[in-house]
> 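Got a structure for you, written out below as structure tokens; questions coming shortly.
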Amino acid sequence: MRMALQATIQSRGQEPPEGPLGELLSRLAQELRSATGLADDCQAAVGEILAQNLHHEAALRLQALDMLTQHLSDLSRVLDGLAETAPAVPGALFDGIRLADLQRRLRGEDTAAATAHDDEFW
């Protein structure tokens, strides 16, 4: 399968793969686990705020945040499974990622040396 993917990439004039797809899928799964943690924290914070003055409609809408958390968690497990069997990653795959820190983490680069942060608050 790997040879077929490389032949397809070369026939299309694209760059050769950057690295193993399994490694990228593992990094994506980790990003989803991090996002799951953030969603859990948001859900807890909003729940605490609304506990003081909880309206039925607001409580129902909060279920969407719980569903988001579950989706992220399940998707990370799927990516972990795919990571064990995947071939190679095209190098240009990361070009469209706007968040520099996320792009570096997905590429598997050292993010400790990064000076710019992607955190942007409204």
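One is the number of the first residue; the rest follow in order along the sequence.
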> Could you check whether any side-chain heavy atom of E31 comes within less than 4.5 Å of a side-chain heavy atom of R105, counting everything from C-beta outward?
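Result yes, sub-4.5 Å side-chain heavy-atom pair found.
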
> Quick check: closest heavy atoms across R107 and F94, and the distance to 0.1 Å?
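Result for this residue pair: NH2-CB, 3.5 Å.
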
> Keeping T69 on the side-chain end and T36 on the backbone end, is there a donor-acceptor pair under 3.5 Å?
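Side chain of T69 to backbone of T36: no pair is present.
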
> May I have the step-by-step check of side-chain contact (heavy atoms from CB on, under 4.5 Å) for L25 and D80, ending in yes or no?
CA-CA 7 Å; L25 291 172; D80 279 332; over 6 Å; no

> Does some side-chain heavy atom of L106 sit less than 4.5 Å from a side-chain heavy atom of I97?
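When only atoms from C-beta onward are counted, L106 and I97 do touch, with a gap below 4.5 Å.
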
> State, to 0.1 Å, how close C42 and L65 come at their nearest heavy-atom pair, and which atoms those are.
C-CD2, 3.7 Å

> For the pair S26 (side chain) and G22 (backbone), establish whether a donor and an acceptor sit closer than 3.5 Å, ignoring hydrogens and angles.
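It does hold such a pair.
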
> Would L21 end up clustered with V78 when hydrophobic side chains under 4.5 Å apart are linked, directly or stepwise?
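Yes, because L21 and V78 connect within a single hydrophobic cluster, where side-chain heavy atoms sit under 4.5 Å apart.
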
> Rounded to the nearest 0.5 Å, how far apart are CG of L75 and CD of Q70?
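Here the rounded value is 11.5 Å.
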
> Contact between L24 and L93 at the side-chain level, heavy atoms closer than 4.5 Å - yes or no?
yes

> Nearest 0.5 Å please: distance from the CD atom of E48 over to the CD atom of Q43.
11.0 Å

> Please determine if D74 and R33 form a salt bridge, counting it only when a charged side-chain N lies under 4.0 Å from a carboxylate O.
no

> Do V46 and M67 share a hydrophobic cluster (ILVMFWY, side-chain heavy atoms under 4.5 Å, transitive)?
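The answer is no; the residues belong to distinct hydrophobic clusters.
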
> Passes side-chain contact (heavy atoms from CB on, under 4.5 Å), L68 versus L72? Steps please.
CA-CA 6 Å; L68 172 64; L72 292 170; 4.1 Å; yes

